[in-house]
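Written below as structure tokens is the structure these notes are about.
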There are 2 protein chains.
Amino acid sequence: MGENTLCPKFFKATEILSKRWNALIINQLLLGPQRFCSISSSLPISGRLLSERLKDLEKEDIVSREVYPEVPVRIEYRLTAKGLALQKVFEEMTHWSQEWIQIEAKKD
Amino acid sequence: MGENTLCPKFFKATEILSKRWNALIINQLLLGPQRFCSISSSLPISGRLLSERLKDLEKEDIVSREVYPEVPVRIEYRLTAKGLALQKVFEEMTHWSQEWIQIEAKKD
DNA sequence: CAGTATCCAACGCGATACTG
DNA sequence: CAGTATCGCGTTGGATACTG
């Protein structure tokens with residue numbers, strides 16, 4: 001195992017973005033603030049995991065949870081400034097995927 | 001589970017890039033073609049996994065394996081055009097990480 | 001050097017049921 | 001709606017030993 005050129009900040013960034021579902025959740029929130037059920041229904045992720053990931057992302061200060069004390073209460077998740085700053089990353093990822101990813105007809 | 005707005009190409013992209021180590025391996029290869037032991041010593045990844053990941057990335061046509069029949073034989077891994085096209089993504093990731101990631105003194 | 005094979009513990013995570 | 005708790009199994013992946 002080596003430690004020479006590996007930048008800890010970049011490493012941390014990959015840890016966050018490589019965690020399963022995180023990229024998709026962030027990408028979804030780039031569309032705008034959303035409620036739990038909205039994110040849940042837009043991604044093939046279980047409620048338990050979505051809850052867990054949102055908490056992780058809150059701890060990383062990428063997502064914030066807003067409670068609107070209406071009746072019934074409404075809770076929205078939105079990207080923080082740190083989260084919004086990922087926009088460029090996702091734009092490039094989207095661009096790359098459109099240009100290079102082939103989707104074959106599923107036969108599995 | 002929903003299936004409404006999720007783009008399969010983007011989804012596939014996240015599958016590739018979110019797989020543990022893949023981002024770091026690609027980022028390392030963006031520095032130039034490298035031998036197995038070089039990648040191995042630049043990342044805290046076991047040989048078994050590195051081997052597995054490189055094969056995955058070959059299948060995705062992101063990495064190619066070049067054999068130079070010298071004595072002793074030399075084997076290099078390099079990014080394909082598809083892999084090199086990820087440069088922008090990684091530039092943005094690097095930029096974001098430098099701007100937003102804090103590394104706290106470890107006390108865990 | 002450039003890997004492969006095996007072993008096995010730890011973790012991830014989906015399903016389900018339940019709470020406020 | 002917006003979650004949490006528990007269960008259980010399949011996958012991951014580190015360590016180690018071995019091969020050409």
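So you know, we letter chains A, B, ... as the sequences are listed, proteins then strands, and number each from 1.
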Could you state whether [X] and [Y] fall into the same hydrophobic cluster, counting links through intermediate Ile, Leu, Val, Met, Phe, Trp or Tyr residues with side-chain heavy atoms under 4.5 angstrom apart?
X	Y	answer
A:Phe11	B:Leu31	no
B:Ile39	B:Val73	yes
B:Leu84	B:Ile26	yes
B:Leu29	B:Tyr68	no

Short question: side chain of [X], backbone of [Y] - any donor-acceptor pair under 3.5 Å?
X	Y	result
A:Ser18	B:Lys19	no
B:Gln34	B:Gln28	yes
B:Ser40	B:Phe36	no
B:Ser51	B:Gly47	no
B:Arg65	B:Lys55	no

For this session: Tell me which residues in residues 69-78 of chain A put a heavy atom below 4.0 Å from DNA chain D, sorted by number, or none.
Result: A:Ile75, A:Tyr77
For this session: Can you run down the salt bridge (charged side-chain N to carboxylate O under 4.0 Å, His left out) pairs that involve residues 78-98 of chain B, sequence neighbours left out, and say none if there aren't any?
Result: B:Glu66-B:Arg78, B:Glu76-B:Arg78
Seminar exercise, completed: Symbol by symbol from the 5' end, with Watson-Crick or G-U pairs under 3.5 Å, [ ] crossing and | another strand, DNA chain D is ||||||||||||||||||||
Problem set entry | Nearest listed nucleotide, side chain of B:Ser46, among D:dG14, D:dT12, C:dA2 | D:dG14
For this session: Within residues 48-66 of chain B, find the residues that approach DNA chain C with a heavy atom at under 4.0 Å, and present them sorted by residue number.
Result: B:Arg48, B:Ser51, B:Lys55, B:Arg65
Exercise. Residues from residues 9-18 of chain A sitting under 4.0 Å of DNA chain C, heavy atoms only?
Worked result: none
Starting at [atom1] of [X] and ending at [atom2] of [N], how long is that distance when rounded to a whole Å?
X	N	atom1	atom2	value
B:Ile45	D:dT12	CD1	P	14 Å
B:Lys19	D:dT12	NZ	C1'	9 Å
B:Arg20	D:dT12	CZ	C1'	9 Å
A:Gln34	D:dC1	CD	C1'	15 Å

Exercise. Would you call A:Leu57 and A:Ile16 a side-chain contact if the rule is heavy atoms closer than 4.5 Å?
Worked result: yes
Problem set entry | Which residues share a salt bridge (Lys or Arg N to Asp or Glu O under 4.0 Å) with A:Glu70, sequence neighbours left out | A:Arg74
Problem set entry | A:Gln102, CD atom: more than 12 neighbouring heavy atoms under 6.0 Å | no
